[in-house]
Amino acid sequence: MSAAPALRALIFDVDGTLAETERDGHRVAFNRAFAALGLPWQWDDATYGALLRVAGGYERLLSFLAGQSDAPPIAAEREALARAIHQRKNAEFSALVAQGGIASRPGVRRLIDACAGQGVLLAVATTTGRANLDALFPHLFGADWSQRFAALVCAEDAPRKKPDPQVYRIALARLGIAAPAAIAIEDSPAGLAAARAAGIACLITRSVYFADADFSGAAAVVDDLDAAPNWLCASPRVDLDALRALHALHA
Ligand code: XBP
Ligand code: MG
């Protein structure tokens with residue numbers, strides 16, 4: 001029997017995983033965009049939680065507009081409206097981030113800092129656009145954030161949104177590693193499905209909108225990265241030793 005490959009990379013989802021950007025950022029920004037454009041809609045927490053089943057902000061808007069009797073009846077008009085709302089939403093998201101309204105989730109900064117010293121590559125695999133990363137990451141990881149990540153794969157690179165594995169396959173290609181050498185860290189069922197379909201073991205850190213979701217197929221599920229690992233390891237939190245132990249069990 002051959003030994004399990006070493007853990008070479010952590011591939012992070014962004015929204016809900018690194019920060020509660022859906023609750024504190026995108027939902028608020030969508031509502032500000034609706035108001036700024038004189039549109040009659042506002043999404044409360046429960047509505048947004050249900051809409052999150054559709055990955056991608058633009059796609060989420062289109063799916064919402066298709067079910068609204070007060071939205072344009074012609075598909076091309078709904079698409080134009082969704083593009084306008086989405087563009088404004090992203091501007092509002094950047095403004096929210098600039099105001100300091102979004103912090104990283106527990107343990108994220110610690111784990112990302114640890115990778116640099118231990119030769120574990122870092123990558124991002126997200127359905128959000130690159131502009132949202134450029135706005136958010138300096139606040140989460142400092143001005144030199146881009147030097148920390150060996151690969152950033154966003155909506156512009158991977159148009160087929162999660163649960164499609166495209167975003168993870170591109171991340172692996174850019175990292176130059178095979179799927180068994182990585183662990184994905186995700187918060188959503190669609191993200192888990194995308195990582196698994198790419199052949200990558202996946203750790204779930206539960207976020208507010210997916211607190212009760214079914215994560216069958218995950219290597220493990222924790223409340224956040226500062227929680228005690230619920231698999232066999234000596235670490236008190238999810239650190240690189242804990243992830244190596246999880247990886248050895250699932251690679
Ligand atoms: C994130 C998304 C994104 C964000 C908003 O999913 O679905 O659409 O909600 O970003 P994941 P955009 O965390 O699984 O990558 O509006 O830029 O799409
Ligand atoms: Mg997510």
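As the structure lists them, so they are numbered: ligands from 1, and atoms in each ligand from 1.
Residue-ligand proximity: G129 is placed with a non-hydrogen atom under 4.0 Å from ligand 1. Residue T126 places a heavy atom under 4.0 Å from ligand 1. Ligand 1 is approached by R60 to a heavy-atom distance shorter than 4.0 Å. Taking 4.0 Å as the cut-off, A55 counts as a neighbour of ligand 1 on heavy-atom distance. Taking a 4.0 Å cut-off on heavy atoms, G16 fails to register as neighbouring ligand 1.
Contact annotation: for T21 versus ligand 1, there are no heavy atoms closer than 4.0 Å. Proximity of D13 to ligand 1, defined as any heavy-atom pair under 4.0 Å, is confined to the side chain (atoms from C-beta onward). Only the side chain of K89 comes within contact range of ligand 1, with a heavy atom under 4.0 Å; no backbone atom does. In Y48, the part holding a heavy atom less than 4.0 Å from any atom of ligand 1 is the side chain.
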Checklist entry - Should T205 and I185 be marked as a side chain to side chain contact (heavy atoms under 4.5 Å, CB included) after you check the CA-CA gap, both sets of side-chain angles, and the distance that decides it? => result CA-CA 7 Å; T205 59; I185 304 182; 4.1 Å; yes
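Judged as a ring-ring contact (aromatic ring centres under 6.0 Å, His included), and not counting sequence neighbours, the contacts of F64 are W41, W43.
In this structure the side chain of S207 reaches within 4.5 angstrom of the side chain of R105, judged on heavy atoms.
Distances shorter than 2.8 Å separate the Mg ion (ligand 2) from the protein N/O/S atoms D13 OD2, D15 O, D187 OD1.
In terms of modelled atom types and a separation under 3.5 Å, the side chain of E20 and the main chain of V208 share a donor-acceptor contact.
Here the heavy atom of the protein found nearest to atom 8 (O) of ligand 1 is G57 N, 2.8 Å. At the top of the distance list for atom 6 (O) of ligand 1, counting protein heavy atoms only, stands T127 OG1, 3.0 Å.
Annotation for Q42: atom CD counts as buried by contact number, over 12 foreign heavy atoms lying within 6.0 Å.
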